[in-house]
Asks: 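Please find one structure pasted underneath; my questions will follow.
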2 protein chains.
Amino acid sequence: MTDQQAVLDLLDIVEYGGCAEPEQFFALMRRTFKIAHLLYLEAEPLADGLKVCRLHHTFGAYAAEIYRTRALHRIDPILRLALGGVRPVEWTTARRRFPECEPLFHAAEEIGLSTEGVALPLPSPAGRMALLAINANMSPVEWSIYRRCHLRDFQLAANLFHASMLEHAATAGAIDERDMRLTGRETEVLTWSAAGKSYWEIATILGISERTVRFFMTNARRKLNVVSNTQAVAQAVRHALIPTI
Amino acid sequence: MTDQQAVLDLLDIVEYGGCAEPEQFFALMRRTFKIAHLLYLEAEPLADGLKVCRLHHTFGAYAAEIYRTRALHRIDPILRLALGGVRPVEWTTARRRFPECEPLFHAAEEIGLSTEGVALPLPSPAGRMALLAINANMSPVEWSIYRRCHLRDFQLAANLFHASMLEHAATAGAIDERDMRLTGRETEVLTWSAAGKSYWEIATILGISERTVRFFMTNARRKLNVVSNTQAVAQAVRHALIPTI
DNA sequence: TTTTGAACTGTCACTACCGACAGTTACATG
DNA sequence: CATGTAACTGTCGGTAGTGACAGTTCAAAA
């Protein structure tokens, strides 16, 4: 088993900001644990799949090329299970539950990725999703013992790393999300629209003219960069921009 | 330090469904770790605060009464920090960052709650939030050592418990939402509508007539008991009826 | 004091949405 | 075979949403 002291040191480093860059964190994880590869993914849902906001991994150039060209991240059942759930997802479980994805797992084996591993869902601000996938080149028996002992370490390390990624993004991206903040009235009209009210009804409720309701709604659409009230409301709900009724 | 074997056993039990009821989990946690109190909270954001969807705790009747009557959960800075973030929140950190809440912490001390502890944010679907707050009656020094050693255990146990809570809620609530279940096509048209597509565009994408798109959308509106596509999409996003993947 | 941002209003023309009418086809289940 | 469910289509007429035109008022920040 891995040295417990080394694990605690790693957790300290990640918690107290010593791993600002993904590469540092990945290197530290691979050094401390017997991990072959790591993949960190932040995404938000779209109609026809996922918009990948951030993707870091330790694949070599060749493996990454295969992963990209075959668009594995679009169909990878592990990603689907992990991004949709809360529980850690075992690679072998995903493989059993999606027999039709067997070719995918063969392709993954080509690039040294599929033996044993786990994907950890991570908490994110409303509507977003993130995961850390961990891959080990171990025998099933060896992995099951190793997993039982270190899943808690993986989980905490993943959470802490994810937190520092989000904090880093918040400070870096604070500027370009300024224009996406909705004003009070914009939020109000969106909220009532999400409640099924027409422009005329919203105008009556808020005590303003129908034209003004349309004005706020147009502003909201522009800020959210969408083309319809329906899409605006979907975005607003996903990003928790409007209150739940 | 706590027996490592007992910790691993606890994690196994929680992972493999042996803790369906919060009371069982809480009892197991308090037995395994030197924990005074636990609080599990699921919530969703509202305009003026939080709507608490589920709340379990190990307070005694008197303490719970105080907590409720003083509505501590509405102003508790620990809940605010934990529900809004990703990182584990130390009770003492929250206390330092919100000096104006000092009376609250005094009130908490009355009911044996505030000495040392941590609150763990948990990943949740579709705009919801959850946390597990852990409280220990330890000296600061004792707690810092204990925390360093067991935060990873707390984090994984919290994640696994939270997962089974969500799964339990999903199976329990599946019956009375029978008529609210959408068919495949209804989900598809809602999804594309949420992506800002018009009926004509959706018809083209799905390779069916515009009239048929309207048919599915009408069915979806009827099932969801709403009056507009916008409201339908808002509902669907909130209830995670349309794919977040 | 100028500037900026939020809140507010009017009209025109066009497109999208929505309800109500009345059907067909295919497949699984009892 | 009957029943039920999902998927599918057409037409009509009214209402709602959308973009582009062109403004006013007020308060706070620069």
Side-chain angles (χ1 to χ4, degrees), chain A residues 47-48 174-237 239 241-243, chain B residues 47-48 174-237 239 241-243:
Chain A
D48 57 341
I175 297 143
D176 49 313
E177 281 192 8
R178 209 171 8 185
D179 296 334
M180 214 175 121
R181 271 205 318 263
L182 300 176
T183 68
R185 284 305 211 190
E186 284 157 9
T187 306
E188 278 184 284
V189 294
L190 268 183
T191 306
W192 286 114
S193 188
K197 305 300 179 189
S198 68
Y199 284 162
W200 182 87
E201 290 173 307
I202 300 172
T204 307
I205 291 167
L206 297 182
I208 55 180
S209 84
E210 201 175 325
R211 175 62 188 88
T212 309
V213 175
R214 282 178 40 215
F215 172 75
F216 292 135
M217 199 68 93
T218 305
N219 285 344
R221 278 198 305 274
R222 206 190 56 254
K223 285 186 181 176
L224 296 174
N225 196 27
V226 298
V227 297
S228 71
N229 288 354
T230 302
Q231 192 183 5
V233 162
Q235 279 284 79
V237 173
H239 291 73
L241 300 176
I242 60 177
Chain B
D48 58 341
I175 296 146
D176 50 314
E177 287 184 5
R178 212 171 5 186
D179 295 333
M180 225 172 112
R181 267 206 326 260
L182 302 176
T183 68
R185 284 306 211 190
E186 284 157 8
T187 306
E188 279 183 282
V189 294
L190 267 184
T191 307
W192 286 113
S193 188
K197 305 299 180 189
S198 69
Y199 283 162
W200 183 88
E201 289 173 307
I202 299 173
T204 307
I205 291 167
L206 298 181
I208 56 181
S209 83
E210 200 175 323
R211 174 64 187 84
T212 308
V213 175
R214 282 177 40 216
F215 173 75
F216 292 135
M217 200 68 93
T218 305
N219 285 343
R221 277 198 307 272
R222 207 191 58 252
K223 286 185 182 177
L224 296 174
N225 195 29
V226 298
V227 297
S228 69
N229 289 354
T230 302
Q231 193 184 5
V233 162
Q235 281 284 80
V237 172
H239 292 82
L241 300 176
I242 56 179

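The sequence lines fix the lettering, A, B, ..., with proteins before strands; numbering per chain opens at 1.
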Asks: Could you state the CD-P distance from A:Glu210 to D:dT15, rounded to the nearest angstrom?
Replies: 13 Å
Asks: Of the candidate nucleotides D:dT18, D:dA7, D:dA20, which contains the atom at the shortest distance from the side chain of B:Arg185?
Replies: D:dA7
Asks: Without decimals, in angstroms, what is the distance between A:Lys197 NZ and D:dG17 P?
Replies: 12 Å
Asks: Expressed in angstrom and rounded to an integer, what is the separation of B:Arg222 atom CZ from D:dT5 atom P?
Replies: 11 Å
Asks: Hey, is the side chain of B:Thr183 poking within less than 4.0 Å of OP1 or OP2 on D:dA7, counting only N and O atoms?
Replies: yes
Asks: I'd like to know whether A:Ile208 forms a side-chain contact (heavy atoms from CB on, under 4.5 Å) with A:Arg185, so could you lay out the CA-CA distance, the side-chain angles of the two residues, the decisive distance to 0.1 Å, and finally the verdict.
Replies: CA-CA 11 Å; A:Ile208 55 180; A:Arg185 284 305 211 190; 4.0 Å; yes
Asks: Looking at D:dA20, C:dC8, C:dA22, which one has an atom nearest to any side-chain atom of A:Phe216?
Replies: C:dC8
Asks: Please tell me if A:Arg221 has a side-chain N or O lying less than 4.0 Å from either OP1 or OP2 of D:dT18.
Replies: yes
Asks: Please give, in whole Å, the distance from C:dA7 P to A:Leu206 CG?
Replies: 11 Å
Asks: Whether the side chain of A:Arg214 and the base of D:dG17 hold a donor-acceptor pair under 3.5 Å is what I'd like checked.
Replies: no
Asks: Could you check which of C:dG19, C:dC17, C:dA7 has an atom nearest any side-chain atom of B:Ser198?
Replies: C:dC17
Asks: Identify which nucleotide among D:dA7, C:dG10, C:dC17 has an atom closest to any side-chain atom of B:Tyr199, counting heavy atoms from C-beta outward.
Replies: C:dC17
Asks: Applying side-chain contact (heavy atoms from CB on, under 4.5 Å) between A:Val233 and each of B:Thr230, B:Asn229, B:Val237, report the one that passes.
Replies: B:Thr230
Asks: For a side-chain contact (heavy atoms from CB on, under 4.5 Å) check, start with the C-alpha distance between A:Leu224 and A:Leu190, then their side-chain angles and the critical distance, and finish with the verdict.
Replies: CA-CA 11 Å; A:Leu224 296 174; A:Leu190 268 183; 4.1 Å; yes
Asks: Rounded to whole angstroms, how far apart are CD on B:Gln231 and P on D:dG17?
Replies: 12 Å
Asks: According to a strict under-4.0 Å criterion, is B:Thr212 in side-chain N/O contact with OP1 or OP2 of D:dA7?
Replies: no
Asks: Nearest 0.5 Å please: distance from the OH atom of B:Tyr199 over to the OG1 atom of B:Thr204.
Replies: 14.5 Å
Asks: Would you indicate, yes or no, if C:dT9 has its OP1 or OP2 atom less than 4.0 angstrom from a side-chain nitrogen or oxygen of A:Ser209?
Replies: yes
Asks: Separation of A:Arg211 atom CZ from C:dA7 atom P, in whole Å?
Replies: 15 Å
Asks: Apply side-chain contact (heavy atoms from CB on, under 4.5 Å) to residues A:Val213 and A:Trp192 and explain how you reach the verdict.
Replies: CA-CA 10 Å; A:Val213 175; A:Trp192 286 114; over 6 Å; no
Asks: Grab the CD1-C1' distance between B:Ile202 and D:dC8 for me, whole Å please.
Replies: 16 Å
Asks: In terms of side-chain heavy atoms of A:Asn229, which of C:dA6, D:dG17, C:dA22 is nearest?
Replies: D:dG17
Asks: By nearest heavy atom, map B:Thr218 and B:Phe215 onto DNA chain C; which one lands nearer the 5' end?
Replies: B:Thr218
Asks: Rounded to whole angstrom units, what separation is found between the CH2 atom of B:Trp200 and the P atom of C:dC17?
Replies: 12 Å
